[in-house]
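Note that the coordinates shown come from a computational prediction; the quantities given were computed from them, not determined experimentally.
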Amino acid sequence: MAKHRINPDDCIACTTCVAHCPVTAATRKFRGPKMLGPALERFRISEEDYEPSLEYCSNCKNCDLSCPSGVPVSTLNMLAKAAYYKKNPQSMRDHMLSHGENMAKMVNSIPFGAALANVSMHNPVSRAAMKQIGISDKAPMPTYAATSFVSWFKSQKQTPSEEKVVFFPGCFINYNQPQVGKDLVAVLQHNGIEVIVPEEFVCCGSPLVTGGYLDEAESNARKNAAEIAKWAAKGYKILTACTSCGLMLNQEYQELFPAIEGLAQNALSLYDAFEFLAERAAEGKLKTDFAPVQEHFMYHVPCHLRVQGIGLPALTLLRQIPGLSIEEADAGCCGISGNYGFRDEKYEISMAVGAELFQRIKDSGVKTVVCDCGTCRLQIGHGSGAATAHPVSILRKAYQL
């Protein structure tokens with residue numbers, strides 16, 4: 001469970017976090033997590049101090065994962081960034097990238113908005129204009145879906161069940177890749193579970209935090225926490241299918257917003273979708289009427305899954321499908337870190353961070369890489385040329401739904 005009190009003096013200056021930081025390995029522009037996190041935090045406690053290279057922290061959480069003392073180094077970095085931006089304005093670029101939910105809502109409010117936005121974002125003239133405000137013209141920008149997941153869900157008639165779960169889709173699944181949400185609903189329905197998707201949920205706040213908009217992220221956290229508490233009080237489990245959303249709701253809220261009551265209690269009801277499915281499988285409650293899937297996949301573990309400490313439930317479950325062969329990439333961070341790699345000055349760094357993974361995929365000859373994180377899938381497709389899929393889509397295929 002995440003600690004509410006963050007003490008920089010818990011750091012023993014062992015530099016383990018530096019050794020595991022993919023950005024430090026990729027560029028000299030970043031002075032490293034130890035220096036910018038706990039070391040500078042000791043000074044920031046007594047006086048204002050800001051180190052410009054903090055902008056190169058991708059918030060990938062590898063420092064937190066590796067710290068033997070349990071110091072949430074990345075959270076110290078995000079809090080320092082937020083303190084700086086309370087007195088210094090963000091750029092138009094950072095505002096756009098941090099407010100993806102607002103951008104998507106605006107697109108959805110216009111007739112044929114998704115199609116128009118996709119054409120606009122993916123032609124050379126528009127990409128050149130985006131580069132002028134600091135968005136890379138090489139980065140793999142996501143496309144918008146014609147119909148959001150929530151809009152689709154409202155039109156569906158499920159088979160009623162006494163067993164129900166609540167699903168938090170998050171912005172990427174809702175607006176960019178709703179098929180992932182559709183596949184999860186199909187899998188849960190096949191297992192006799194009814195799905196609830198409250199419209200009160202808002203963006204988890206992860207892109208707001210990395211952009212320095214901490215007050216807005218806290219506002220979102222309060223809305224989501226209240227909604228989660230309402231359903232948790234009724235005994236429902238709340239599922240996520242995006243590892244960054246899951247990490248934010250479950251752990252980062254506690255680290256960043258300790259004044260919000262009930263976060264630790266909420267976390268007891270929050271599950272990654274495959275964590276939930278794997279738990280059911282262990283209890284003998286998951287249907288195993290899988291058709292053979294005669295394919296070979298590679299599985300990339302998102303950094304934001306590893307730091308949650310729940311193992312690799314998707315990989316474990318997919319290996320139960322007959323005929324399916326899947327190997328873990330085990331080649332480090334993909335480099336995208338949410339929207340980090342979309343920034344023009346960060347693009348080459350993000351590609352350098354992901355280079356080992358891309359080469360591993362190319363050398364393996366696999367055609368499809370499976371990954372739980374939406375932006376990781378974007379980056380993997382961009383860097384390796386392989387097709388990508390969320391593990392729940394493979395599971396649905398095995399169920400022949």
Side-chain angles (χ1 to χ4, degrees), residues 19-23 25-26 58 60-62 65-66 138-143 172 176-177 179-180 183 187 241-244 272-275 277-278 290-308 310-338 340-342 347-399:
H20 287 84
C21 174
V23 177
S58 69
C60 69
K61 302 289 182 181
N62 279 286
L65 182 64
S66 63
K138 300 176 184 176
M141 302 301 292
T143 56
F172 196 84
N176 301 106
Q177 292 188 356
Q179 189 61 49
V180 173
D183 292 343
V187 166
C242 168
T243 50
S244 295
D272 173 83
F274 270 87
E275 178 187 16
L277 293 170
F290 303 127
V293 177
Q294 303 293 344
E295 294 185 55
H296 178 62
F297 300 103
M298 181 169 285
Y299 178 69
H300 170 66
V301 187
C303 298
H304 287 179
L305 173 63
R306 290 190 297 114
V307 76
Q308 292 182 59
I310 60 173
L312 307 178
L315 183 62
T316 300
L317 207 52
L318 292 184
R319 281 178 169 162
Q320 297 180 27
I321 298 172
L324 186 149
S325 170
I326 186 166
E327 59 182 304
E328 184 185 345
D330 192 23
C333 179
C334 77
I336 193 72
S337 288
Y340 182 86
F342 297 163
Y347 172 77
E348 295 298 342
I349 296 172
S350 76
M351 294 301 288
V353 168
E356 182 181 351
L357 173 62
F358 307 149
Q359 194 59 50
R360 169 88 169 88
I361 294 166
K362 291 174 182 177
D363 290 345
S364 74
V366 297
K367 296 180 179 179
T368 303
V369 178
V370 179
C371 180
D372 314 68
C373 173
T375 52
C376 285
R377 293 194 296 275
L378 277 180
Q379 177 82 335
I380 289 167
H382 175 65
S384 72
T388 60
H390 191 286
V392 78
S393 302
I394 308 300
L395 190 61
R396 180 179 185 176
K397 181 178 182 179
Y399 278 135

Within the 4.5 Å heavy-atom criterion, are [X] and [Y] side-chain neighbours or not?
X    : Y    : result
I380 : H300 : yes
E295 : S325 : no
F342 : I336 : yes
P142 : F172 : yes
P22  : N62  : yes
T316 : F274 : no
L395 : L277 : yes
L318 : I321 : yes

Nearest atoms (heavy-atom pairs only) where [X] meets [Y]:
X    : Y    : answer
C60  : C303 : O-CB, 3.3 Å
A278 : L317 : N-CD2, 4.3 Å
C376 : P302 : SG-CB, 4.2 Å
Y347 : H382 : OH-NE2, 2.8 Å

### Query
According to the salt bridge (charged side-chain N to carboxylate O under 4.0 Å, His left out) rule, which pairs have a member within residues 362-378, sequence neighbours left out?
none
### Query
side-chain contact (heavy atoms from CB on, under 4.5 Å) between V23 and Y340: does it pass, once the steps are laid out?
CA-CA 11 Å; V23 177; Y340 182 86; 3.8 Å; yes
#### Entry: H390 (side chain) donor-acceptor with A241 (main chain) under 3.5 angstrom
yes
### Query
So, Q308 side chain and T243 main chain: donor-acceptor pair closer than 3.5 Å or not?
yes
#### Entry: Intermediate values then yes/no, side-chain contact (heavy atoms from CB on, under 4.5 Å), F297 and I394
CA-CA 10 Å; F297 300 103; I394 308 300; 3.8 Å; yes
### Query
Are R360 and E328 close enough for a salt bridge, meaning some N to O gap below 4.0 Å?
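A salt bridge is absent here (no side-chain N lies under 4.0 Å from a carboxylate O).
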Rounded to the nearest 0.5 Å, how far does [atom2] of [Y] lie from [atom1] of [X]?
X    : Y    : atom1 : atom2 : result
D330 : M298 : CG    : CE    : 10.0 Å
D272 : I310 : CG    : CD1   : 4.5 Å
T375 : H304 : OG1   : NE2   : 8.5 Å
C373 : Q379 : SG    : CD    : 10.5 Å
L378 : T143 : CG    : OG1   : 8.0 Å
L324 : R319 : CG    : CZ    : 10.0 Å

#### Entry: ring pair (Phe, Tyr, Trp, His ring centres under 6.0 Å) involving H20 - partner list, sequence neighbours excluded
none
### Message
Quick one, R396 with V392, criterion side-chain contact (heavy atoms from CB on, under 4.5 Å). Give me CA distance, side-chain angles, the key distance, then yes/no.
### Response
CA-CA 6 Å; R396 180 179 185 176; V392 78; 5.8 Å; no
### Task
Among residues two or more places apart or on two chains, list those pairs meeting ring-ring contact (aromatic ring centres under 6.0 Å, His included) that have a residue in residues 349-374.
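Every candidate ring-ring contact (aromatic ring centres under 6.0 Å, His included) pair involving residues 349-374 fails, so no pair, neighbours aside, qualifies.
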### Message
Looking only at the side chains, is there a donor atom on one of E327 and H296 sitting less than 3.5 Å from an acceptor on the other?
### Response
yes
